[in-house]
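Because the structure is predicted, anything quoted here is derived from the model rather than measured. Sequential numbering from 1 along the given sequence is applied to the chain's residues.
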Amino acid sequence: MTTTTTTIPGGSALARAFGGTMFAKTLYDNRRIFAVWALATGLLAMMYASFYPQISADAMANVPEAMRGFGFEDSASAAGYLQGAVFGLLVPLLVTFYGAATGARMISADEDSGYLDLLLAHPISRTRLLLHRYAATATGAVLIAAATLGAVLTVRGSAKLDTITVGNFAAQAINLALLGLLFGALATAIGAATGTSRATAFGLTAGLGVLTYALHGFAPQIGADALRYLTPFHYYIGGEPLRHGLQIADAVILAAATIALIAAGAWRLNHRDLGR
């Protein structure tokens with residue numbers, strides 16, 4: 001019996017050896033991008049976490065009222081400070097942009113360049129292609145979350161953050177990974193479903209991310225707290241995992257939304273005329 005092996009086109013001998021599957025090749029091709037995102041996010045989290053001993057109660061009392069909705073309600077405690085300054089402000093935005101940028105690369109960039117036709121000329125289905133591409137994006141999101149977790153645990157003792165358990169730190173990292181998975185799925189699905197350019201897929205995803213982030217933060221200021229339930233950021237940090245651990249319902253909602261987006265993108269990709 002003859003066994004047929006799918007060889008993914010392109011790249012060096014090392015890339016071809018590593019590219020036995022589309023998932024492995026995508027990881028290899030994006031290894032520097034994933035590493036830079038993980039390193040940058042981890043270092044940022046470490047830097048801001050290490051500032052905690054220098055923050056006085058008087059200084060945090062002067063935080064503008066408009067920022068309270070971004071997690072600065074209680075910045076005197078370690079959990080309150082990290083929920084605002086680290087996991088409520090810059091880190092989730094970085095992960096949102098990671099998902100938008102890498103998700104837009106997965107299908108939209110291939111279609112822009114004409115590489116998608118070359119890939120699909122090999123024995124790989126459209127659904128399998130999308131799933132393998134997205135799995136690489138998901139791996140990058142998990143790597144970022146792991147790097148962030150490792151960074152804050154590194155300074156946990158020296159920055160006097162040991163009132164937060166390792167389990168609660170891990171819970172926040174899981175939610176961070178799920179947030180990256182969601183926005184990566186959104187960008188991938190937009191590209192797969194519409195055939196839009198990489199720049200457009202990125203812009204739509206990043207724009208929606210910033211819009212929902214702002215809505216989550218400013219909703220309390222306009223007396224519309226219920227609107228927070230429409231944003232992924234509520235399920236990412238609304239349950240305060242640094243205080244209460246992993247909130248299963250919130251994690252399930254983020255995961256379910258991610259699965260729905262990828263399923264919709266795969267269904268639409270399979271029904272599109274890619275020749276147009």
Side-chain angles (χ1 to χ4, degrees), residues 41 45 63-75 77 79-100 103 134 137-138 141-142 144-145 148-149 164 167-190 193 201-265 267:
T41 308
V63 172
E65 186 66 28
M67 296 301 294
R68 303 290 177 178
F70 292 93
F72 287 92
E73 292 91 347
D74 171 29
S75 298
S77 67
Y81 170 75
L82 290 181
Q83 181 173 302
V86 179
F87 291 103
L89 197 60
L90 296 178
V91 167
L93 280 178
L94 277 178
V95 170
T96 297
F97 284 115
Y98 161 80
Y134 175 69
T137 295
V142 172
I144 290 173
T148 303
L149 175 61
I164 306 172
N168 286 1
F169 272 121
Q172 184 65 78
I174 289 171
N175 279 12
L176 187 66
L178 288 171
L179 188 71
L181 293 177
L182 177 63
F183 282 104
L186 177 59
T188 302
I190 288 174
F202 168 77
L204 289 173
T205 305
L208 187 58
V210 171
L211 179 63
T212 54
Y213 177 80
L215 178 61
H216 176 263
F218 291 120
Q221 311 306 316
I222 60 176
D225 289 57
L227 292 178
R228 287 181 143 192
Y229 291 92
L230 301 177
T231 76
F233 295 97
H234 170 76
Y235 304 101
Y236 156 68
I237 204 167
E240 301 186 26
L242 288 174
R243 297 182 189 275
H244 309 303
L246 185 65
Q247 305 298 298
I248 300 299
D250 289 349
V252 168
I253 289 171
L254 289 173
T258 298
I259 292 169
L261 285 169
I262 287 298
W267 180 87

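- Summarising the geometry, atom OG1 belonging to Thr212 is positioned 12.0 Å from atom CG belonging to Leu227; distances are rounded to the nearest 0.5 Å.
- Note that the CG atom of Asn175 and the CG atom of Leu182 stand 11.5 Å from one another [nearest 0.5 Å].
- Partners of Tyr134 according to the ring pair (Phe, Tyr, Trp, His ring centres under 6.0 Å) rule, which considers only residues two or more places apart in sequence or in another chain, do not exist here.
- Qualifying side chain to side chain contact (heavy atoms under 4.5 Å, CB included) partners for Ala206, counting only residues two or more places apart in sequence or in other chains: Phe97, Ala100, Phe202.
- When all heavy atoms are compared, the tightest approach of His216 to Thr231 is CB-OG1, 3.6 Å.
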Step-by-step side-chain contact (heavy atoms from CB on, under 4.5 Å) determination, Gln172 to Ile237: CA-CA 8 Å; Gln172 184 65 78; Ile237 204 167; 4.0 Å; yes
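- We find the OG1-CG distance between Thr41 and Leu94 to be 4.5 Å, quoted to the nearest 0.5 Å.
- Using a 4.5 Å cut-off on side-chain heavy atoms (C-beta onward), Phe169 and Pro241 make no contact.
- A pairwise comparison of heavy atoms in Ala219 and Arg228 identifies CB-CG, 4.0 Å as the closest pair.
- With sequence neighbours left out, Pro92 forms a side chain to side chain contact (heavy atoms under 4.5 Å, CB included) with Leu179, Tyr213, Phe233, Tyr236.
- The two residues Val142 and Ala177 come nearest to each other via the heavy atoms CA-CB, 4.3 Å.
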Audit row: Tyr229, Tyr235, side-chain contact (heavy atoms from CB on, under 4.5 Å) steps and yes/no: CA-CA 8 Å; Tyr229 291 92; Tyr235 304 101; 3.7 Å; yes
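- Ile144 contributes atom CD1, which lies 13.5 Å from atom CG of Leu149 (distance to the nearest 0.5 angstrom).
- Atom OG1 of Thr205 and atom CG of Leu186 lie 4.0 Å apart (nearest 0.5 Å).
- Atom CD1 of Ile164 is separated from atom OG of Ser77 by 7.5 Å, given to the nearest 0.5 angstrom.
- Among all heavy-atom pairs drawn from Ala45 and Val91, the shortest one is CB-CG2, 4.2 Å.
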Acceptor/donor pairs from residues 244-263 side chains to any protein atom, 3.5 angstrom cut, sequence neighbours excluded:
unit_1 : atom_1 : unit_2 : atom_2 : d
Gln247 : NE2    : His244 : O      : 3.4
Gln247 : NE2    : Gly245 : O      : 3.1
Thr258 : OG1    : Leu254 : O      : 2.9

